[in-house]
Amino acid sequence: MRIPFTQVDAFADAAFGGNPAAVMPLSRWPDDATLLKIAQENNLSETAFLVPIEGGEADFELRWFTPGTEVALCGHATLASGHVVLSSDTNRAAVRFATRQAGVLEVARDGAAYAMALPAWAPTPQEMPGVVAALGVTAEAVLFHDKGYVVVVVADEATVRDCTPDMRTLAAQGPYVVIVTAPGEATDVVSRVFVPAFAVDEDPVTGSAHAVLTPYWTQRLGRDRFSAFQASARGGRLRCTLDGDRVVLGGACVTVIEGAFLLP
């Protein structure tokens, strides 16, 4: 079985930046064990699988797998999936994806880039001393969203960039997406994202994390939009807007590999 394969650098203006994702359209769903094995073979932070839907409120069903598990929401692989679909159909202005845990997500053209609407997941204060200790930082605030997102607010960008977590201890805290964030220097907000519980120590650029960060930072900054930089080794820039119960993220994508996955 030959499955089309596209690798996309999401939230990137040029190759070798942003966050790479594999996008693989399917005609039907294989079993979950096979999907996980494919994601492990791709060995990227996320593999997105698409199956077309006839009629209804969405065009495709979308699922995301890390090399370790299926996840509830992945922003960069959704953006990459939108890029693949819209690049193949230049007459289409937007594409909608039905997901199992995050509702219907849309990716629309926005000039040379894309705008992606995700649910706004506002975190609330919660004490998580084990997570903070594993990060080795001094936290100004700790917040949590029940989808498994932990937000640790620190004083400045230097603290975010210098953060060196104990990954084994951090993974043992639970199946969390751990976000370290602070006011930025060249952008309004800076962050890094650690997900060792999902077999990825640091995620390069994380759209879903900004679905959690945007409600917090818009309230703190007193405005509905801001610029963001995820300060991983690859790095990525995002435009973040809170629009009611949705977070709209802006970013570009670059296709870097096209081919076929040969499934035995």
Side-chain angles (χ1 to χ4, degrees), residues 1-30 34-39 41-66 70-71 73-100 102-119 204-208 210-211 234 236-239 246-263:
M1 181 178 176
R2 297 175 66 90
I3 305 174
F5 174 96
T6 306
Q7 186 169 318
V8 176
D9 287 345
F11 296 113
D13 297 318
F16 312 121
N19 200 352
V23 179
M24 301 181 68
L26 305 166
S27 58
R28 57 180 175 81
W29 290 114
T34 299
L35 294 174
L36 181 59
K37 288 178 180 178
I38 293 171
E41 188 73 14
N42 291 340
N43 199 31
L44 297 169
S45 60
E46 301 288 347
T47 297
F49 298 98
L50 314 177
V51 171
I53 298 173
E54 294 297 333
E57 61 180 349
D59 305 297
F60 296 88
E61 187 177 3
L62 172 62
R63 299 172 69 185
W64 316 271
F65 283 74
T66 75
E70 185 173 10
V71 298
L73 174 63
C74 178
H76 87 275
T78 302
L79 193 73
S81 299
H83 168 73
V84 169
V85 173
L86 296 175
S87 295
S88 66
D89 185 353
T90 57
N91 293 319
R92 185 193 291 264
V95 58
R96 292 169 65 83
F97 300 107
T99 73
R100 299 192 174 191
V104 175
L105 310 178
E106 182 178 277
V107 178
R109 298 185 191 277
D110 183 16
Y114 304 98
M116 173 176 62
L118 303 179
V205 191
T206 315
S208 64
H210 289 81
R234 292 174 66 97
R237 298 185 182 278
L238 307 90
R239 301 182 306 277
R246 310 296 283 175
V247 167
V248 180
L249 303 180
C253 289
V254 180
T255 298
V256 292
I257 301 174
E258 293 178 331
F261 189 104
L262 305 181
L263 183 65

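Residue numbers start at 1 and run along the sequence shown.
Residues forming a side-chain hydrogen bond (donor to acceptor under 3.5 Å, both in side chains) with N43 (at least two apart in sequence, or on another chain): none. Take F97 and apply the ring pair (Phe, Tyr, Trp, His ring centres under 6.0 Å) test, not counting sequence neighbours, and it matches no residue. Taking the salt bridge (Lys or Arg N to Asp or Glu O under 4.0 Å) definition, one finds that R96 meets it with E106, sequence neighbours left out. T66 pairs by the side-chain hydrogen bond (donor to acceptor under 3.5 Å, both in side chains) definition with nothing, not counting sequence neighbours. With sequence neighbours excluded, the residues satisfying side-chain hydrogen bond (donor to acceptor under 3.5 Å, both in side chains) with S208 are Y149. The salt bridge (Lys or Arg N to Asp or Glu O under 4.0 Å) search around R239 returns D110, not counting sequence neighbours. Every residue meeting the side-chain hydrogen bond (donor to acceptor under 3.5 Å, both in side chains) condition with R100, not counting sequence neighbours, appears here in chain and number order: E61. Taking the side-chain contact (heavy atoms from CB on, under 4.5 Å) definition, one finds that R2 meets it with A260, L262, sequence neighbours left out.
Taking CG of L26 as the reference point, atom CZ of F261 lies at 10.5 Å (rounded to 0.5 Å). The distance from the CD1 atom of I38 to the CG atom of L263 is 5.0 Å, given to the nearest 0.5 Å. Distance check: L249 CG to H210 NE2 gives 7.5 Å after rounding to the nearest 0.5 Å. Atom-to-atom distance recorded for E46:CD and T206:OG1 is 8.5 Å, nearest 0.5 angstrom. The CG atom of L50 lies 12.0 Å from the OG atom of S27; values are rounded to the nearest 0.5 Å.
Evaluation of the salt bridge (Lys or Arg N to Asp or Glu O under 4.0 Å) test over residues 80-94, restricted to residues two or more places apart or in two chains, returns D59-R92, D89-R92. Judged as a ring pair (Phe, Tyr, Trp, His ring centres under 6.0 Å), the pairs with a partner in residues 46-66 (not counting sequence neighbours) are, in order, F49-F65.
The two residues V85 and S88 make their nearest non-hydrogen contact at O-OG, 2.7 Å. Residues A93 and L86 approach most closely at C-CD2, 4.1 Å, considering heavy atoms. Contact detail for G18 and P20: the closest heavy-atom pair is O-CD, 4.0 Å. Of all the heavy atoms in R109 and T90, the pair that sits closest is NH2-CA, 3.4 Å. The shortest heavy-atom contact between L35 and P30 is CD2-CG, 3.6 Å. Heavy-atom minimum distance, G55 versus I53: O-CG2, 3.4 Å.
Counting heavy atoms from C-beta outward, L238 and V205 have side chains that approach closer than 4.5 Å. No side-chain heavy atom of P4 sits under 4.5 Å from any side-chain heavy atom of M24. Counting only heavy atoms from C-beta outward, the side chains of H76 and S45 approach each other to under 4.5 Å.
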Extract all donor-acceptor atom pairs below 3.5 Å that involve side chains of residues 250-259 and protein atoms in other chains or at least two apart in sequence.
from: T255; atom 1: OG1; to: H83; atom 2: NE2; distance (Å): 2.8

For residues 5-16, which side-chain N or O atoms pair as donor and acceptor with protein atoms under 3.5 Å away, sequence neighbours left out?
from: D9; atom 1: OD1; to: R234; atom 2: NH2; distance (Å): 3.2
from: D9; atom 1: OD2; to: F16; atom 2: N; distance (Å): 2.8
from: D9; atom 1: OD2; to: R234; atom 2: NH2; distance (Å): 3.4

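A side-chain contact (heavy atoms from CB on, under 4.5 Å) with M116 is found for one member of L105, V248, V107 and no other, namely V107.
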